[in-house]
S.K.: 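Following this message is one structure expressed as structure tokens.
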Number of protein chains: 2
Amino acid sequence: MAALKYSKQRESIKTYLMKTKEHPTADTVYMHVKEEFPNISLGTVYRNLNLLADIGEAVKISTPDGGDRFDGEVKPHNHFYCRCCGKMIDLKMDSIDHIDEMASRNFDGLIESHSILFYGKCGDCIKKS
Amino acid sequence: MAALKYSKQRESIKTYLMKTKEHPTADTVYMHVKEEFPNISLGTVYRNLNLLADIGEAVKISTPDGGDRFDGEVKPHNHFYCRCCGKMIDLKMDSIDHIDEMASRNFDGLIESHSILFYGKCGDCIKKS
DNA sequence: GTGGGTGCAAACCGTTTGCACACCA
DNA sequence: TGGTGTGCAAACGGTTTGCACCCAC
């Protein structure tokens, strides 16, 4: 049930997510998609972002400063978040999937996944300070 | 400037945080501290929780489902979060501080810390399903 | 035609903040 | 007494939702 129907708005949101590296907020997605669909509403953007995240075609990344970010790259990877300017970037690093097993020792439950967010200052913010 | 003055409300909040293992939300802290100070306000709880986090006497942990959690244990450790019932527990695992160095390779910026949140189902929720 | 998707606006919820008063130092 | 801290309530910002209409199937 709840068969998924095509919508050009969702298509546009997904296309934008897949081509950008910005890890945009919902509002940023809204502003970009609005160029193509001037009448689109923020509610529609939220509905579709959550939908895409639910069906695994996007990733939702929560930040400590409020305002979730979305990423069209769904392959597991880690992120760096600059607490100074809010920029979020992908990190290239060796696989550390073994930490799930490390974590599950002495623990009654099932770990399905993990998310690592690295905090600090990005290069630009270091230069400015 | 802004010299820290004693307040029994803050004292009570910190005492509660240090003895509980529940990783409470601000609202849960509010309800508990209210038993001792019936007139305390939620705003005061938030102000003090943020203050304690700022001076390093508490830790703020953001969850993907909204509603930050607070922890009186400030020694670095990792957490498991049950997306089924919202329970958060401490994980005992070997140090993985070396991941910061791994992450900083090929990256222009400074990693100050990281936070790992493991997701899944806790033992209780597995039994119930 | 039917049921999911959209636009709009109101509601929601966790959190912050302005203000007058209270209290530590 | 001077300057933090508190209680209260209003405001805030991100997100969700109810509803009437629209459109893919």
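Numbered from 1 within each chain, the chains take letters A, B, ... in sequence-line order.
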S.K.: Ignoring hydrogens and geometry beyond distance, is a side-chain donor-acceptor pair present between B/Asp71 and B/His77 at under 3.5 Å?
M.R.: yes
S.K.: Give the ring-plane orientation class for A/Tyr16 versus A/His32, where under 30° counts as parallel, over 60° as perpendicular and anything between as tilted.
M.R.: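 Correct class here is parallel.
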S.K.: Given B/Thr28 and B/Phe70, is the side chain to side chain contact (heavy atoms under 4.5 Å, CB included) satisfied, shown in steps?
M.R.: CA-CA 10 Å; B/Thr28 305; B/Phe70 293 87; over 6 Å; no
S.K.: Where along nucleotides 20-25 of chain D does protein come under 4.0 Å, by heavy atom, of base (B) or sugar-phosphate alone (S), with - for untouched nucleotides?
M.R.: ----BS
S.K.: What's the verdict on side chain to side chain contact (heavy atoms under 4.5 Å, CB included) for A/Val33 and A/Thr44, showing C-alpha distance, side-chain angles and the deciding distance?
M.R.: CA-CA 11 Å; A/Val33 176; A/Thr44 296; over 6 Å; no
S.K.: In whole angstrom, give the distance that lies between atom CD of B/Glu11 and atom P of C/dC24.
M.R.: 12 Å
S.K.: Calculate the interatomic distance between A/Tyr30 atom OH and C/dA9 atom C1'; express it in whole Å.
M.R.: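 Result: 12 Å.
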S.K.: Could you tell me how the ring of B/His23 sits relative to the ring of B/His79: parallel (under 30°), tilted (30 to 60°) or perpendicular (over 60°)?
M.R.: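 Rings of B/His23 and B/His79: perpendicular, as their planes differ by over 60°.
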S.K.: Given side chain to side chain contact (heavy atoms under 4.5 Å, CB included), test B/Leu17 with B/Leu49 step by step and report yes or no.
M.R.: CA-CA 9 Å; B/Leu17 267 194; B/Leu49 285 173; 3.9 Å; yes
S.K.: Check whether any side-chain N or O of A/Ser12 sits under 3.5 Å from a backbone N or O of A/Lys8 as a donor-acceptor pair, and report yes or no.
M.R.: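 Judged by distance alone, no pair lies under 3.5 Å.
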S.K.: Quick one: B/Lys34 NZ to D/dT6 P, roughly how many Å, whole number?
M.R.: 15 Å
S.K.: Nearest 0.5 Å, please: how far is CG in B/Asp94 from CD1 in A/Ile99?
M.R.: 12.0 Å
S.K.: Where the side chain of B/Arg10 meets the backbone of B/Lys5, is there a donor-acceptor pair that is under 3.5 Å apart?
M.R.: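 Yes, B/Arg10 side chain to B/Lys5 backbone: donor-acceptor pair under 3.5 Å.
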S.K.: If the sugar-phosphate is the primed atoms plus P, OP1 and OP2 and the base is the rest, what is the B/S/- string for nucleotides 10-22 of chain C, using protein heavy atoms under 4.0 Å?
M.R.: ----SBBBB----
S.K.: Could you give the angle between the helix axes at the two ends of the helix from C/dG1-D/dC25 to C/dA25-D/dT1, with five pairs per end, rounded to 10 degrees?
M.R.: 30°
S.K.: Would you indicate, yes or no, if C/dG7 has its OP1 or OP2 atom less than 4.0 angstrom from a side-chain nitrogen or oxygen of A/Gln9?
M.R.: yes
S.K.: For A/Leu49 and D/dG14, give me the distance from atom CG to atom P, rounded to whole Å.
M.R.: 14 Å
S.K.: If we ignore angles and hydrogens, is there a donor and acceptor under 3.5 Å between the side chains of B/Lys14 and B/Asn48?
M.R.: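 Looking only at side-chain atoms, B/Asn48 and B/Lys14 do not form any donor-acceptor pair under 3.5 Å.
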